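Contents: one structure, followed by commentary.
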Amino acid sequence: MTTVVFSNMFRLILSKFVRSSWTVVCGIALGLAGAGVYPMHPDSFPFFILWGLGLLVAGSHFFLQRNPAVPDVTYERTRYAVWLDVGSMLSLALIFCFVYFSHIDTIPFPMHTDEILEMAYIQDSADGFFGINSPGSYRYPNFHMKIFHLLASAGDAYNLRTFRTLSAAEGVLIATFSFFLFRTFFTRPYAYAGALIFGFQHAFVGLSRSLARVNSAALVAVLALPFLLRGIKQNCPWMLYVGGVLLGLSVYVYYPARILPFVWILTLLLAYWMRRASLRNIVRWGMTSSVGFLLVIAPLAAVTLARPEPLPVYVRQQFLFSAEGRQYFREYGGDYGTNVLRGLTAFHNIIPDQSNNYLNPGVGFFDALSGALLLVGLCALFGVMRKKIETVVLPVGLFAIVGTLAFAFNKTPDYPRLLVALPFAVPIVVYGIQVIARAFRARMRFVVGACITCAILSLNTVVLYRTASGGTSEHHELFGYTA
């Protein structure tokens, strides 16, 4: 009897403590303490204990505040609906595995020098997961390289084929989980079509099949956005916290992903300006997501403060607002007005990749049909934004990313940098398909939508075949890669 009484008292006290705001304070304190340990003892047991406890303690507060009773119109909360979504994702994974892994030995994409550098950097990534790798003229977070290093070490295969396969597997993961993002906006058939369009986008497939970190920016967007958007849609603190944690990964992957936190802030501000939410809700959503975000970026911030280093010259040359960037731009022979125009029309021109990582002469980043549907979808979104608060993020993200790349970076369009815009652009394309399909009778809408989707997939497949056929054979022996 006494044991039961003490047990109930302990549970009551624990429940009241976890529900109080002091839980969040304790979680932040533990996370910051772990981050403080990291510069001296990277990837050590005390770091993971303190930092992990900080994430769990802070997350427990928001978990108990979740509100599962709020209905979700788009996502039917039934057992069969969940299994249908799981089955849809599995079928997408099978399709994408064939696209991304098929003939990866006999039909390689053209090898570029960045792949050679990436392999050398991955092999030398001896620092911790959350540290900074500064090889030569580069300076990258070590997180992505460390994961590839461990996976390659497990198979004892440091060759180009292994690393290209790992990069392609990451592309399959991103394209498959994009279905979860599309389900935030659409019913299942349109979400399936959107995931197919995303996964078959020729530049995304081409760059994912080569050894690069560039698709990692899209991975963060695809993982974080569904939780953040469902969090504001259902007013669920737990989803907002998880979304903030995933958004924090943006500082550990390909640099263009760092614009995603600013996209989230702009989305909240625009939602308030459009009177889609009260100031109290906007502040609560922002604070909740920022707790998870700050806890995740804390280790990298601690390393940067403990060992501050200036950005390498090569990195500074990419920014037009730096002296090195303006000088490099003049030597490159660029005109600022042309650079801006090319960047703003990146989804509607046929200018090849200026980074020379993806060889596609005569073809633009988007095919012509997708580019036209993007404009149709944008026009439709301005009416939908008043009714669905989660759709605000799509035009905000697209305009923020495209505008930043056009006005602040050189050599536009740069396809690797543009990949981070795909999670915002492709849903708008699907909205365009939806608008056209709804112009027909109810019985014909599915057929019209399917035909437009198949046309987009066919156009991208043709471009992929052209690009894949241009693979070079004289570099196959590099790093043990043999056809």
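Computed over heavy atoms, backbone and side chain alike; hydrogens, waters and symmetry mates excluded. Note that the coordinates shown come from a computational prediction; the quantities given were computed from them, not determined experimentally. Throughout, residue positions are numbered sequentially from 1 according to the sequence presented.
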Please tell me if the side chains of L247 and L260 come closer than 4.5 Å, counting only heavy atoms from C-beta onward.
-> yes

Side chains of S355 and K411: does their closest heavy-atom pair fall under 4.5 Å?
-> no

Side chains of Q354 and R417: donor-acceptor distance under 3.5 Å anywhere?
-> no

Aromatic ring centroids of W238 and F62 under 6.0 Å?
-> no

Evaluate ring-ring contact (aromatic ring centres under 6.0 Å, His included) for Y431 paired with F186, printing each intermediate quantity in order.
-> CA-CA 9 Å; Y431 269 111; F186 307 105; 4.6 Å; yes

Would you check if the distance from the ring center of F319 to the ring center of F409 is below 6.0 Å?
-> yes

Check whether any side-chain heavy atom of F198 sits under 4.5 Å from a side-chain heavy atom of V222, and report yes or no.
-> yes

Sequence-distant partners of W51, ring-ring contact (aromatic ring centres under 6.0 Å, His included), two or more places apart = F47, F130

Worked verdict on Y192 versus S91 for side-chain hydrogen bond (donor to acceptor under 3.5 Å, both in side chains) | CA-CA 10 Å; Y192 198 88; S91 65; 2.9 Å; yes

Taking only residues two or more places apart in sequence, or in another chain, which ones meet D367 in a salt bridge (Lys or Arg N to Asp or Glu O under 4.0 Å)?
-> none

Would you say M287 has more than 12 foreign heavy atoms packed within less than 6.0 Å of its CE?
-> no

Closest heavy-atom pair, R230 versus F180, reported as atoms and distance to 0.1 Å, is NE-CE1, 3.9 Å

Look at the aromatic rings of Y358 and Y415 and report parallel, tilted or perpendicular, splitting at 30° and 60°.
-> tilted

Compare all side-chain heavy atoms of M239 with those of I232 and state whether any distance is below 4.5 angstrom.
-> no

